[in-house]
Trainee: 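The structure is given below, and queries will be raised subsequently.
If you're wondering where the values come from, they're calculated on a predicted model, not measured in any experiment.
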Amino acid sequence: MTPLVAVVSSPRARLFACFLRLGAQQADPLQLHTGAGLAAKSHYEVLVLGGGSGGITMASRMKRRVGAENVAIIEPSERHFYQPIWTLVGAGAKQLSSSGRPTASVIPSGVEWIKARVVELNPDKSCVHTYSGKEISYKYLIIALGIQLDYEKIKGLPEGFAHPKIGSNYSFKTVEKTWKALQDFKEGNAIFTFPNTPIKCAGAPQKIMYLSEAYFRKTGKRSKANIIFNTSLGVIFGVKKYADALQKIIKERNLTVNYKQNLIEVRADKQEAVFENLDKPGETQVVSYEMLHVTPPMSPPDVLKRSPVADAAGWVDLDKETLQHKRYPNVFGIGDCTNLPTSKTAAAVAAQSGILDRTISLIMKNEKPMKKYDGYTSCPLVTGYNRVILAEFDYSSQPLETFPFDQSKERLSMYLMKADLMPFLYWNMMLRGYWGGPAFLRKLFHLEVLV
């Protein structure tokens, strides 16, 4: 592997090289372990709903605020996944096994893991109910329930995944099918979709398209492949600077992009996909495929849709600057389940975690939250097996970049950061509550430019 110090034009790149060397190391099992063996209580000072990236990160931070014995996480899943790496798994560049660890291994030591599913939130009484009927009350509630994949809203799915030639990088059950479809491709249409709903990691549906095109070139199949991106959106990307760069790549690589096209049915036995024209409702088109990558419709978890904490669309209704609930002052939210008007990414969760930590600490002291979340999020747009455009932006869709160079350019250094540095930061720093986004890196590189 080429060291980052050789590809980033800055002495500070040695910092990344150090991180990459550490990246191969596993988290110390003596530092992170489950508290599930403790006697479960019915009340906690801080109760966290969800054991994904936001939930684990905030539990780690709250442990330092109020003590492990006063914090609990409700999460039913046995495995915890670093999902951003699935883009590379679907393209054969990473192994699926590298993306997951036992949930027990990432629960902060001493924090109670309640292995259950929440079925009701009652913020008026400051309690929740689990599937088993247990009532758990709290002083402060952090909602980190993520986003729901709704494959069934596409006719023919999820049962269609039993057939070959079709995959999806959004589920650990189907991501390896994407790689199999890519390998088995002979000739014809390779179709990639983007649904007509909010989704997590909005760049991922097109990342696999660029990687597939690169794979076809590498294997001599490019001339036989008609690569199509059918998106329900009206633009390729929401930030103009990066959209312009992507449009150049699309043109150079002869990719077909069709806007306002929404996948509504998959006829997997016939290898046909049916799209509706959103500009002309009711008008549909049937397209045959040799390979199909499906990005499913997504929505808030069902338990939130019917909860008082939700807005009209079902998302947790938060103040976008403090992450405190608009109606319930002891309720907070983080990540994909919220109505924060920014892209739903792990990088956004990292940035939000630092703000939310500070917000809750001040609320606990009966003080007014001061630090404000600016909507920072990041999307490493993988454009090949060794190139990434690192998109970083805020609530106003304006670039908010970390490095002192043009991040709209494809770079090997940014690919190495995506593939190797970020997993290390996730497992060893973010989940432990020590990584609040790239602010310190931005300061580091800015200082160097000033010098």
Trainee: Please list, one pair per line, the donor and acceptor atoms closer than 3.5 Å that link side chains of residues 284-291 to other protein atoms, with sequence neighbours excluded.
Mentor:
residue : atom : partner : partner atom : Å
Glu290  : OE2  : Lys165  : NZ           : 2.9
Glu290  : OE2  : Lys186  : N            : 3.1

Trainee: Is the centre of the Tyr82 ring less than 6.0 Å from the centre of the Tyr426 ring?
Mentor: yes
Trainee: What about Phe424 and Trp435, are their ring centers closer than 6.0 Å?
Mentor: no
Trainee: For Gln95, I'd like to know if atom CD has over 12 heavy atoms of other residues, nucleotides or ligands within 6.0 Å.
Mentor: no
Trainee: Check this for me: Lys305, atom NZ, are more than 12 non-hydrogen atoms of other residues, nucleotides or ligands nearer than 6.0 Å?
Mentor: yes
Trainee: Find out whether Ile56 and His80 are in side-chain contact, i.e. whether some heavy atom of one side chain is under 4.5 Å from a heavy atom of the other.
Mentor: yes
Trainee: Compute whether any side-chain donor of one residue and acceptor of the other, for Asn122 and Glu120, lie under 3.5 angstrom apart.
Mentor: no
Trainee: Between Glu276 and Gln261, is there a side-chain donor-acceptor contact under 3.5 Å, judged purely by atom types and distance?
Mentor: no
Trainee: Are Lys200 and Tyr170 in a cation-pi contact, defined as NZ or CZ under 6.0 Å from the six-membered ring centre and within 45° of the axis?
Mentor: no
Trainee: Establish, yes or no, whether a centroid distance under 6.0 Å links the rings of Tyr376 and Tyr395.
Mentor: no
Trainee: Establish, for the pair Arg411 and Phe405, whether the NZ or CZ atom is under 6.0 angstrom from the six-membered ring centre and no further than 45 degrees off its axis.
Mentor: yes
Trainee: Under 3.5 Å, is there a donor on one side chain and an acceptor on the other for Thr193 and Asn230?
Mentor: no
Trainee: Just checking, is any N or O donor in the side chain of Tyr140 or Ser126 under 3.5 Å from an acceptor N or O on the other one?
Mentor: no
Trainee: Around atom CZ of Arg387, are there more than 12 heavy atoms of other residues, nucleotides or ligands at under 6.0 Å?
Mentor: yes
Trainee: Tell me, please, whether Phe185 has Lys221 positioned over its six-membered ring: NZ or CZ under 6.0 Å from the ring centre and within 45 degrees of its axis?
Mentor: no
